Amino acid sequence: MSRAYAWWQREIIYQIYPRSFQDSNGDGVGDLRGILSRVDYLTSLNVGAIWLSPIYPSPMHDFGYDVADYCAIDPRFGTMADFNELLVEIHRRGMRLIVDLVPNHTSDEHPWFVESRRDGDNAKSDWYIWRDPAPGGGLPNNWLSHFGGPAWTFDERRGQYYMHQFARQQPELNYRNPEVFEALLEVMRFWLDRGVDGFRVDVISLLLKDPLFRDEPPNPAWDGVRQYASLRHIHTGNLPEVHGLIRRMRALLDSRDARMMVGEVYLPNAELMRFYGGPEAPECHLPFNFQLISTPWQAGEVRAKVDAYEAALPPGAWPNWVLGNHDQHRLATRVGLAQARVATMLLLTLRGTPTCYYGDEIGLRDVALPRECWRDPVAINQPQIAHLLGRDPERTPMQWDSSANAGFAAAGVLPWLPVAGDHRTVNVAAESADPQSILSFFRALTALRRSEPALGVGAYRSIDAVADDVYAYLRSDGESRLLVVLNFAGGTRRLTLPRGLGDSRILLSTTCRLPEEAVVVDRLQLGPDEGIVLRLAEGPSGGAPSPA
Ligand code: GLC
C-alpha cells in the first residue's frame with residue numbers, strides 16, 4: 001500500500017512561461033500580477049506545483065535565461081512584493097512553487113561579468129571562462145554554440161575570448177573556481193529563505209567543461225542541418241566532475257524541509273540516470289525525462305521507450321515525464337489535436353511526476369510567425385533552419401477568452417508575440433463551458449489522477465499483444481487496479497486482453513464517453529484516437545491478469 005510520498009512525487013508540475021501567461025499592466029508582456037489573477041485557474045487544473053521560467057532582471061536576449069541579477073525581479077515582471085504575494089497565494093491553495101535557476105551562464109550585463117571583463121587582474125577575472133586567442137590568432141578551439149556559430153566571442157578590452165554555449169550575451173561561469181560555486185549556493189539560499197519549494201535547474205549537465213579545452217570530435221552521424229550537431233560534445237557537457245557539484249546543491253536542499261530540484265538534462269538513459277546520484281550521495285530529485293518528445297508517435301515505439309526507462313531507473317529513483325516545454329514544438333502540433341488527448345492521458349497516467357506546459361491543456365498549437373515577429377535568438381541567428389528550431393511558435397500568449405488579445409492583454413495592447421488566430425474558439429472560457437473540450441478532459445483526468453493512488457503512485461506494468469497501434473498498461477496500488485489503453489491510430493481497434501480481467505468500468509475516455517458504462521474488458525473496442533482508463537474488477541481467478 002502507499003507509503004508516504006513527497007509532494008514532488010505526487011503532484012503534477014505545471015510550467016508557466018511568465019512572458020506569455022497574463023499581462024496585467026498593458027505592456028504586452030505577461031507578469032507576476034497577471035499570474036496572481038489566474039491562481040484560481042491553476043487550482044482548477046488540479047496541478048500541485050507551479051514552475052516559473054525566469055523572472056529575474058534580464059536584457060532578455062534569451063528571454064530571461066540571460067540573468068543580470070539572480071536575486072531580484074525584473075520590473076517587467078513586477079516587484080519582490082508581487083513575488084512574495086504570489087508565493088503566499090500559491091501556498092494558501094496548497095500548491096508549491098518551483099523557480100528557474102540558471103547557473104551555467106549569466107547575462108553579459110550581470111555585475112560579475114562587467115567586473116570580470118574589465119581586465120585580467122580583478123577579483124572576478126576568473127569567474128568566467130576566458131581564453132587567449134589560438135597561437136597565430138583566432139578562436140581558442142572548435143567549440144560551438146547551441147544557438148549557431150562558435151562558442152567564443154572576442155572581448156577587445158581583455159584581448160581574450162569568453163565562452164558561451166548559447167547567445168554571446170550569455171557568458172559561462174567558471175565552476176572550476178570554488179568562489180563561483182559558493183556564490184551559486186548563496187543564490188539558492190536566497191530563494192530558499194524566501195520560501196520557494198524547489199528549483200528547475202537550467203542545463204545542469206553543462207556546468208563544467210574540459211579543463212584542457214580540447215577540440216571536440218566530429219559527429220559522424222551529422223545530417224548537415226544544424227551546425228551545433230556537427231560535433232560530439234564530449235568536452236562541453238556531461239563531464240563526470242559535474243556530479244560533485246550537483247551533490248553539494250542537493251545537500252543544501254536536504255538541509256531544508258521538503259525542497260527539491262529538477263535538472264534539465266537531455267541525455268540517453270544510462271547517462272541520465274546518473275543525475276539521480278546514489279542513496280549515499282543523492283543528486284537531482286528528478287532529472288527531466290524528455291525522451292517522449294522525440295519518440296515517433298507510435299504505440300510500439302512509445303511503449304518501448306517507457307519500458308526501457310522504467311527498467312533503467314536505479315532503485316529508489318522516482319520517474320518523471322515531459323511532453324512539452326518552452327523549447328519544443330507544441331504537443332498538439334507534433335502529434336495532432338486528436339492524439340494530443342491520448343498523449344495527455346499517457347503523460348498523466350504513467351508512473352512518475354508529470355510536467356505540463358501552459359496552454360497544452362487547451363490544445364494550443366504552434367503559431368507560424370512571419371520573420372518580423374521572430375524574437376528567439378535561435379531563429380534569428382539561423383534563419384535557414386528557423387522553421388525547425390525557432391522557439392517563438394510554442395511561446396505565444398495564453399488564450400483565456402474570445403476577446404481581442406484572447407484576454408492575455410487588454411484590447412489595443414500589442415502582445416510581445418502574436419495571439420494565435422484560433423483564439424476565438426480555443427480558449428479557457430469556451431472550453432470550460434464545453435464538457436467535451438480538451439480542457440474539460442484535462443480537468444477530469446487530473447482529478448482522477450489525484451483521487452486514484454494507483455495512478456498517482458502505483459506500480460506500472462505494460463501488457464503485450466493487445467492490438468496493433470494500441471499501448472496498454474496496468475497501474476496498481478494494493479487491491480486497486482487500473483488499466484490504461486491508448487489507441488494511437490485514427491481507426492477503431494478491437495482489443496485482445498489477457499483473460500481473467502472480468503467486468504470493468506470505464507472511468508474516463510479521451511472522447512468523453514459515459515464514465516459509468518460497464519464493459520467486458522476482453523471484448524473491448526476503442527474508437528479512433530481513443531484512450532481510456534478502466535477500473536478492473538476482481539477477475540474470476542481473483543488475481544491480476546497474467547503479465548506479458
Ligand atoms: C535551457 C532553456 C532554454 C535556454 C537555454 C539557455 O535549455 O530551457 O530556453 O535558451 O537553456 O539558458
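The shown structure was predicted, so the numbers you read here are calculated from the model rather than taken from an experiment. Values reported hereafter were calculated over all heavy atoms of this structure, with side chains retained and with hydrogens, waters and symmetry mates removed. As the structure lists them, so they are numbered: ligands from 1, and atoms in each ligand from 1. Residue numbers count from 1 along this sequence.
Under 4.0 Å is where a charged nitrogen must lie from a carboxylate oxygen, and between R330 and D360 at least one such pair does. Using a 4.0 Å cut-off between a side-chain N of Lys or Arg and a carboxylate O of Asp or Glu, D23 and R33 do not qualify as a salt bridge.
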Determine, stepwise, if the pair W130 / F213 fulfils ring-ring contact (aromatic ring centres under 6.0 Å, His included).
CA-CA 11 Å; W130 291 100; F213 294 92; over 10 Å; no
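For W143, there are no side-chain hydrogen bond (donor to acceptor under 3.5 Å, both in side chains) partners, not counting sequence neighbours. With sequence neighbours excluded, no residue forms a ring pair (Phe, Tyr, Trp, His ring centres under 6.0 Å) with F181. Partners of H326 according to the side-chain hydrogen bond (donor to acceptor under 3.5 Å, both in side chains) rule, which considers only residues two or more places apart in sequence or in another chain, are Q15, Y65.
Taking a heavy-atom cut-off of under 4.0 Å, ligand 1 is surrounded by D62, Y65, H105, F147, F166, Q170, R200, D202, V203, E264, H326, D327, R391, R395.
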